[in-house]
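Chain identifiers are assigned alphabetically (A, B, ...) following the order of the sequence lines, protein sequences preceding nucleic acid strands; residue numbering begins at 1 within each chain. Side-chain atoms are counted along with the backbone in the values below, which use heavy atoms only and exclude waters and symmetry mates.
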2 protein chains.
Amino acid sequence: MEAGRQRQGRLWSNLKEVCDLLHIPAAISVNNEELLFQHVQFKTGQRVHTIGQAFDTLYIVNSGFLKTVLIDEFGNEQVLSFPMKGDMLGVDGIHTRHYASEAVALSDCDLILLPFKKLTALGRVHSELENVMYGVMSRELVREQAMIGMLGALSAEARVARFLVSLADRFAAMGYSSKLFNLRMTRHEIGSYLGLTLETVSRTLSAFNEIGLITVDQRTIGIKDAEALKTLRRLPPSRSRAKQTTKQQKAEADQSGDDQVLAAV
Amino acid sequence: MEAGRQRQGRLWSNLKEVCDLLHIPAAISVNNEELLFQHVQFKTGQRVHTIGQAFDTLYIVNSGFLKTVLIDEFGNEQVLSFPMKGDMLGVDGIHTRHYASEAVALSDCDLILLPFKKLTALGRVHSELENVMYGVMSRELVREQAMIGMLGALSAEARVARFLVSLADRFAAMGYSSKLFNLRMTRHEIGSYLGLTLETVSRTLSAFNEIGLITVDQRTIGIKDAEALKTLRRLPPSRSRAKQTTKQQKAEADQSGDDQVLAAV
DNA sequence: CGTCTGTTTGATCACTATCAACCCCCGTGG
DNA sequence: CCACGGGGGTTGATAGTGATCAAACAGACG
């Protein structure tokens, strides 16, 4: 895209571009043009790294969409994240020096290579780089914490709703429309990510569509009521079975106690 | 305990002791006795840090048991982890410079303070320290990934079983018995951690007890069949990667009509 | 035009949450 | 010393959410 320059027929980026991509304010005054990081392209379906593979480089997504997955003893995939522009890949390999997850391109991708050795050597000279790395890793950790909180506490509908909001926010941060976008992943992958089945994901999207919160056309999603999606806990009873929801919900909302929280839209 | 020395009526540890505690092989030849980190004691129920509090120090557990929690908009706690000896606290505060979670002592605790500023300054002189930090953060990340995988894919029974095995392993790593130990947390906290209700946790423990996998007496747990607990499954989740597993799944499904549906592998 | 993958929708099942009652342990105060 | 209270734990009955099984449809593609 915009970042990077040609050399030997390949794209390269300097440190400032890398930091910009990561949304990390880097006041780094390095002799930029000497410190270049190479880009690599991956086509849809290609694997960037696999579980157990020897770790030696981190990746930053410059363009494209990916998924990272864990694979259990039966070969079932568990989706961990959907990295896109500005996200870092491979951090889980630092500890054991072997990648703990697998990264797969969901579209054609352009990634920036950060050889870990080179990075740490660089840190020795420019110690500000340390803080950049700490910041990125900490951010990743916080994200995963939020994910754990979501999986542990929210209903299927709330998970799907938050997933959509999260996607919208990320698209917005990338300069794309947050109101209309295309899912790059299948229902099955979304379900795996959210701890649900693909049928539940599909049904929930359909329900949101009926209520008017979103529009759904295959992989094209239109966000109509972002605010409702953000605060959604549970869906109002779809057909009939009306138990004077308004009053009851109000009463429940008022006492905002500890446990179950219903349908606060 | 063993680590640390007295000075001004307080305990202090050097860098080597800190690294040992973290199980990180640190070939650091620093003038040890000059680089001391202070200990602090917390009593049961005390908070080490709270959400939103300004971040300035990391903590390493020298002794005692804690929990870290997220608190949602209604005041509900979501337990994220149960740190114990050798674990690091506060990493989630690096990114935003404010702690993202709350840490509470479940027993009287002895923690080592790692002022973050001091740590990064130290990294400038002793660059091996960088790798220690990266390693610890990466390990934390991998742990959380495993947690996400567990919450997303495993049944209630499998979660409780793995929780027990994980505790046993950690006690073993600390030099305690892995066959008989005391839970430091309530059923409610376990449930929150595992994305279950306290009743489900209680029932599952009772069921394991009846089957002879463990013994339960209030908070005292005896592990009788660690292997069975490790491999306990249920719910061959999704037909994501349907291979020649069809026969096996069918066989499992056939005998799943009984009351005891504990499909071990 | 058939095949294959992904999606939608329906019917049913069952795992786990919820509601409720009771028990156990322990500390406290009459 | 015992009554009392309260937090934590166990167990039972019931309901509901989401998984499972099943069928049909829509695009993509050779």
Side-chain angles (χ1 to χ4, degrees), chain A residues 44-45 76 106 151-160 182-192 194-210 215-221 232-239 241 243 252 257-263, chain B residues 44-45 76 106 151-160 182-192 194-210 215-221 233-242 246 249-250 252-254 256-263:
Chain A
T44 305
N76 298 318
L106 295 180
L151 290 175
L154 296 189
S155 70
E157 284 132 10
R159 291 183 207 181
V160 174
N182 270 68
L183 300 176
R184 301 322 220 275
M185 63 292 286
T186 68
R187 303 286 192 264
H188 182 246
E189 286 162 342
I190 297 173
S192 172
L194 298 176
L196 305 170
T197 58
L198 74 170
E199 292 98 328
T200 298
V201 173
S202 176
R203 267 186 256 271
T204 305
L205 290 176
S206 298
F208 287 170
N209 183 40
E210 279 181 30
T215 60
V216 186
D217 174 35
Q218 293 293 108
R219 300 224 178 153
T220 302
I221 300 286
L232 181 136
R233 307 253 118 194
R234 249 158 65 172
L235 234 38
S238 50
R239 24 179 119 150
R241 192 52 57 124
K243 43 179 189 176
E252 284 168 0
D258 346 55
D259 284 335
Q260 73 288 15
V261 183
L262 303 187
Chain B
T44 305
N76 298 319
L106 296 180
L151 291 176
L154 296 189
S155 69
E157 283 149 7
R159 290 183 208 182
V160 174
N182 270 67
L183 300 176
R184 302 323 219 276
M185 63 293 283
T186 67
R187 303 285 193 265
H188 180 76
E189 286 162 342
I190 297 173
S192 171
L194 298 176
L196 304 170
T197 59
L198 74 171
E199 293 98 327
T200 297
V201 173
S202 177
R203 268 186 254 273
T204 305
L205 290 176
S206 298
F208 288 170
N209 183 40
E210 280 180 29
T215 60
V216 186
D217 175 35
Q218 294 295 108
R219 301 229 178 148
T220 303
I221 300 285
R233 301 271 182 298
R234 178 98 74 84
L235 202 121
S238 46
R239 51 215 166 178
S240 54
R241 278 207 176 177
T246 25
Q249 286 177 346
K250 216 164 198 168
E252 283 175 0
D254 284 340
S256 70
D258 312 339
D259 37 356
Q260 308 291 37
V261 204
L262 300 176

Applying a 4.0 Å non-hydrogen cut-off, can you work out what A:Gly195 is touching in the nucleic acid: base, sugar-phosphate, or nothing?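 Sugar-phosphate, backbone atoms only, no base.
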Not counting sequence neighbours, which residues clear side-chain contact (heavy atoms from CB on, under 4.5 Å) with A:Thr200? List them please.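 If we apply the side-chain contact (heavy atoms from CB on, under 4.5 Å) test to A:Thr200, skipping adjacent residues, the hits are A:Ala156, A:Leu196, A:Thr197, A:Thr204.
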Quick one: list whatever passes side-chain contact (heavy atoms from CB on, under 4.5 Å) with B:Ser192, sequence neighbours left out.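 Here the qualifying residues are B:Gln78, B:Val79.
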Can you tell me the distance, in whole Å, between the [atom1] atom of [X] and the [atom2] atom of [N]?
X: A:Leu154; N: C:dA17; atom1: CG; atom2: C1'; value: 15 Å
X: A:Arg184; N: C:dT7; atom1: CZ; atom2: C1'; value: 18 Å
X: A:Arg233; N: D:dT17; atom1: CZ; atom2: P; value: 15 Å

Just jot down the salt bridge (charged side-chain N to carboxylate O under 4.0 Å, His left out) partners of B:Glu199, sequence neighbours excluded, or say none.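 B:Glu199 satisfies salt bridge (charged side-chain N to carboxylate O under 4.0 Å, His left out) with no residue once adjacent residues are dropped.
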With sequence neighbours left out, write down each residue that passes side chain to side chain donor-acceptor pair (under 3.5 Å) with B:Thr44, or none if nothing qualifies.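 If we apply the side chain to side chain donor-acceptor pair (under 3.5 Å) test to B:Thr44, skipping adjacent residues, the hits are B:Asp108.
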Counting N and O atoms only, with roles assigned by atom type, does the side chain of B:Arg184 sit under 3.5 Å from a partner on the main chain of B:Leu106, one being a donor and the other an acceptor?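 Judged by distance alone, no pair lies under 3.5 Å.
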Side chain of A:Arg187, backbone of A:Ser202: donor and acceptor closer than 3.5 Å?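 Not a single qualifying donor-acceptor pair exists.
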Classify every nucleotide of nucleotides 7-13 of chain D by which part a protein heavy atom approaches to under 4.0 Å, writing B for the base, S for the sugar-phosphate alone and - for neither, in 5'-to-3' order. -SSBBBB
